[in-house]
Amino acid sequence: MRKQLLATLATLGMLTTAPFVLANPIEIQVNNTMSEGGSESAAVERFAEYLEEQAPGRFNVRPFLAGSLGGEDAILELLNLGQTQLSITGGNWRQQYAPEYDAITVPFVFATWEEVDAYMESPSGQALIEQAENQGGLKYFGTQHRGPRHMTANKAIETPEDLRGFRMRLPSLPVWLTVWEEIGAQVVNVPAPEVYLAMQTRQVDGHENSLSSPYTRRLWEVQDHIILTSHVQFPWNWVASSRWWNGLEEDDQALIEEAIHVARAHGSERERELDEYYLGALEEQGMTIIEPDIEAFRTAALPAIERVMADMADGVSEDALGHQGE
């Protein structure tokens with residue numbers, strides 16, 4: 001049987017590729033909670049393409065999108081155990097492993113991606129990464145930018161005063177509730193799948209999210225305004241299982257890290273393009289785009305921001321807020 005198989009392979013010309021077929025490729029599962037078609041899947045595709053371009057047959061990249069292996073917390077546990085390899089994860093890793101350094105989650109602290117990236121390079125950001133890596137069994141590679149979070153509303157919102165009595169849907173993240181209540185909103189907790197109905201029935205007056213939310217949920221049917229608050233720059237983060245990573249050869253590590261860098265840049269650019277498209281499409285659907293007085297919102301939020309920061313590690317407030325007023 002073996003001689004017959006070898007003869008057949010020789011006839012088909014397949015023996016010339018035998019080293020690639022017979023050598024076990026390195027499997028890399030890449031996890032993300034978003035569905036295919038966004039900047040996240042575009043980044044995963046570019047990651048796989050780059051590895052194949054540089055080392056044909058060496059790696060087998062397997063995307064697991066739409067939370068197919070579980071939500072972010074479940075994936076973090078799998079990474080810790082070494083049972084999956086890579087994840088493009090949101091903010092749960094910061095909150096779970098280093099909450100005392102997580103200034104990024106606090107609304108109205110960072111206005112641009114440059115400020116977020118600078119914080120991650122600051123002593124507090126580096127302490128965040130080191131603690132999360134040690135406690136979570138992670139290897140951190142950097143951020144991939146997402147569209148900023150804005151507001152939708154059933155009326156014009158220009159200043160914090162316009163939020164008095166405004167019923168705003170928020171995820172049940174304590175720091176977000178604290179800040180928005182400080183500004184003046186009446187916070188309402190509604191499950192994400194029920195946002196459209198809650199707006200339709202006037203249970204809520206608006207919500208906050210990236211622009212993909214009002215676009216994909218067709219919220220122009222139940223909301224009139226987009227308020228460009230840019231209150232949270234909430235990045236994706238590429239992380240690996242350190243158990244898996246430490247078992248790789250140095251050459252493979254270097255190539256994978258290079259591919260991640262390429263993929264992050266590609267995903268960030270694709271997200272920027274999509275965000276511009278969503279904004280234009282929402283305006284075409286009749287939504288009014290408002291650029292509010294963001295500094296007034298930040299000033300109104302500052303007492304809550306300072307209370308939250310006071311409970312964080314020494315130096316976080318200086319590293320996070322030091323850019324303001326420059």
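What you see is a predicted model; the values in this text were computed from it and never measured. Note that these values count all heavy atoms, side chains included, but never hydrogens, waters or copies made by symmetry.
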Notebook entry, point to check: Looking at side-chain heavy atoms only, is the closest gap between I129 and M120 below 4.5 Å?
Noted result: yes
Check: With a 3.5 Å cut-off and no angle check, do the side chains of E161 and T159 form a donor-acceptor pair?
Finding: yes
Next item on the list: Would you check if the side chain of E52 reaches a backbone N or O of G57 as a donor-acceptor pair within less than 3.5 Å?
Entry: yes
Check: When you look at CD of E249, are more than 12 heavy atoms from neighbouring residues, nucleotides or ligands closer to it than 6.0 Å?
Finding: no
Check: Among Q83, Q85, Q29, whose side-chain contact (heavy atoms from CB on, under 4.5 Å) with L78 holds?
Finding: Q83
Next item on the list: May I have all residue pairs that pass side chain to side chain donor-acceptor pair (under 3.5 Å) and include part of residues 238-248, sequence neighbours excluded?
Entry: Q144-W238
Check: Would you say V190 and L197 are hydrophobically clustered, going by side-chain heavy atoms of ILVMFWY under 4.5 Å?
Finding: no
Check: Between V179 and A304, which heavy-atom pair has the shortest distance, and what is it?
Finding: CA-CB, 4.0 Å
Checklist line | Lys/Arg N to Asp/Glu carboxylate O, D252 vs R58, below 4.0 Å | finding: yes
Margin query: Are M151 and L177 connected into the same hydrophobic cluster when the rule is that any two of I, L, V, M, F, W, Y join if their side-chain heavy atoms are below 4.5 Å apart?
Written below: yes
Note to self: Using a 3.5 Å distance criterion without hydrogens, assess whether the side chain of K155 forms a donor-acceptor pair with backbone atoms of H225.
What the structure shows: no
Next item on the list: Find out if a path of hydrophobic residues (ILVMFWY) with successive side-chain heavy-atom gaps under 4.5 Å connects L248 to F59.
Entry: yes
Check: Any chance the side chains of E40 and N32 put a donor and an acceptor closer than 3.5 Å?
Finding: no
Note to self: Walk me through whether Q253 and I256 qualify under side chain to side chain contact (heavy atoms under 4.5 Å, CB included).
What the structure shows: CA-CA 5 Å; Q253 288 180 339; I256 292 169; 5.9 Å; no
Notebook entry, point to check: Among pairs that include at least one residue of residues 178-194, which meet side chain to side chain donor-acceptor pair (under 3.5 Å), considering only residues two or more places apart or in two chains?
Noted result: E182-R307
Next item on the list: For Y140, enumerate each residue passing the ring pair (Phe, Tyr, Trp, His ring centres under 6.0 Å) test, keeping only those at least two apart in sequence or located in another chain.
Entry: W93
Next item on the list: Determine, using the 4.5 Å side-chain heavy-atom cutoff (strictly less than), whether F64 and L86 are members of one ILVMFWY cluster.
Entry: no
Check: Would you find more than 12 non-hydrogen atoms of other residues, nucleotides or ligands less than 6.0 Å from H261 atom NE2?
Finding: no
Margin query: Can you classify the ring geometry of Y119 versus F110 as parallel (below 30°), tilted (30 to 60°) or perpendicular (above 60°)?
Written below: tilted
Next item on the list: Kindly determine whether N154 and R202 satisfy side chain to side chain contact (heavy atoms under 4.5 Å, CB included), including the steps that lead there.
Entry: CA-CA 9 Å; N154 59 10; R202 300 297 184 180; 2.9 Å; yes
Check: Yes or no on side-chain hydrogen bond (donor to acceptor under 3.5 Å, both in side chains) for H150 and E208, after CA distance, side-chain angles and deciding distance?
Finding: CA-CA 5 Å; H150 303 293; E208 64 76 54; over 6 Å; no
Next item on the list: State the NZ-CD1 distance between K139 and I260, to the nearest 0.5 angstrom.
Entry: 9.0 Å
Item checked: By salt bridge (charged side-chain N to carboxylate O under 4.0 Å, His left out) - contacts of R217 (at least two apart) -> none
Next item on the list: Take atom CD of E36 as the centre, draw a 6.0 Å sphere, and report whether it contains more than 12 heavy atoms from other residues, nucleotides or ligands.
Entry: no
Notebook entry, point to check: Would a 4.5 Å heavy-atom cut-off, applied to side chains only, mark T84 and L69 as touching?
Noted result: yes
Margin query: Nearest 0.5 angstrom please: D224 CG to M287 CE, how far?
Written below: 7.0 Å
Note to self: Please check this pair: side chain of S268 against backbone of A265, looking for a donor-acceptor N/O pair closer than 3.5 Å.
What the structure shows: no
Notebook entry, point to check: How about E130: does its CD atom have over 12 heavy atoms from other parts shown lying under 6.0 Å from it?
Noted result: no
Checklist line | ILVMFWY cluster, F297 and V109 together (side-chain gap under 4.5 Å) | finding: yes
Margin query: Does the structure place the NZ or CZ of R94 under 6.0 Å from the centre of the six-membered ring of F234, at an angle of no more than 45° from the ring's axis?
Written below: yes
Check: Can you find a pair of side-chain heavy atoms, one from L170 and one from V188, that are under 4.5 Å apart?
Finding: no
Checklist line | Audit row: I88, N31, side chain to side chain contact (heavy atoms under 4.5 Å, CB included) steps and yes/no | finding: CA-CA 6 Å; I88 309 174; N31 298 273; over 6 Å; no
Notebook entry, point to check: For F166, what residues pass the ring pair (Phe, Tyr, Trp, His ring centres under 6.0 Å) criterion, not counting sequence neighbours?
Noted result: none
Check: How would you list, by chain and number, every residue that makes a ring pair (Phe, Tyr, Trp, His ring centres under 6.0 Å) with H145, sequence neighbours excluded?
Finding: W113
Check: Can you check whether E72's main-chain N or O pairs, donor with acceptor, with N92's side chain at less than 3.5 Å?
Finding: no
Margin query: Is it the case that the side chain of S41 and the backbone of G38 share a donor-acceptor pair, with hydrogens and angles ignored and the cut-off at 3.5 Å?
Written below: yes
Check: Does E271 pair with R146 as a salt bridge, N-O distance under 4.0 Å?
Finding: no
